[in-house]
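Bear in mind that the values here come from a model prediction, so they are computed numbers and not experimental data. Start at 1 and go down the list; that is how both ligands and their atoms are numbered. For this chain, numbers begin at 1 and follow the sequence in order.
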Amino acid sequence: MELPKLAFLFSFLVLLTVSSATSVVDFCVADFNYPVGPAGYPCKNPGNLTVDDFVFSGLGVPANTSTSVFNAASTFAVDITFPALNGLGLSMGRLDIGVGGVIPIHSHRVSELLLVIDGTIIAGFIDGNNVAYYKTLNKGDIMIFPQSLLHFQINVGHEPALAFVSLNSASPGFQTTTISLFGNDLPTNVIEKITLVDAAQVKKLKELFGGTN
Ligand SMILES: *[C@@H]1O[C@H](CO)[C@@H](O)[C@H](O)[C@H]1NC(C)=O
Ligand SMILES: *[C@@H]1O[C@H](CO)[C@@H](O)[C@H](O)[C@H]1NC(C)=O
């Protein structure tokens, strides 16, 4: 090969190396035009992103707790509401709990860290040996709820309570036990058998949570 051709090939290779070095994948903002898989969503074209893709502004707003039978509401920055979290393994939420209100017993695949900002709550979880760990928490207290364990929060103070939570998944997979058990279409006699809750109570709870049969 003559020298000019070699030089051209060499500079081409250098260019290739440089461009592949600059295409490191640092993040993967979710592109909802494609279906989600076990590893999350495909990425938006990085060339089309701005700083606003990395900012979520919804957690400063108190939610209306009186729309819920539990007198509580949560607002979450998770992959579907904050696409920049896709693939990064964390999320954040805001809990507003009215006086006497409750975040009902629930679970998710990952652990949760809760920080109390206002008010007084009883928070607890039940472990795999059916041991319950619960405590009254005040402003500034944090509590960890280990992955997949059933847990809850109750406002026991005289003012609305506010807490923030952080979970180590962008898609924690929430399952609220009472709503799951009674907000479904399983026949009442099946629910009765699998829970030992009597039929009248099953029907009452099905009505409350939109279950049928
Ligand atoms: C990126 O933005 C350009 C210009 O607005 C648009 O034509 C293109 O479809 C966008 N690409 C993706 C992957 O969203
Ligand atoms: C909260 O929701 C209740 C019940 O739907 C409604 O009556 C009330 O006006 C709402 N409050 C605010 C501040 O939006």
**Prompt:** Given the side-chain rings of F32 and Y41, with only the six-membered ring counted for Trp, is the space between their centroids under 6.0 Å?
**Reply:** yes
Would you mind listing each N/O atom of ligand 2 next to any protein N/O under 3.5 Å, plus the distance?
unit_1, atom_1, unit_2, atom_2, d
ligand 2, 2 (O), N64, OD1, 3.4
ligand 2, 2 (O), N64, ND2, 2.3
ligand 2, 11 (N), N64, ND2, 2.9
ligand 2, 14 (O), N64, ND2, 3.4

pair I97-Q153: side-chain heavy atoms closer than 4.5 Å:
yes
Sequence neighbours excluded, the answer for side chain to side chain donor-acceptor pair (under 3.5 Å) partners of N64 is S66
Exercise. Do F125 and H151 have ring centres separated by under 6.0 Å?
Worked result: no
For V29, the other hydrophobic cluster members (4.5 Å side-chain criterion, sorted by chain and number) are F27, L49, F54
Residue pairs meeting salt bridge (Lys or Arg N to Asp or Glu O under 4.0 Å), one or both in residues 177-202, sequence neighbours left out, come to none
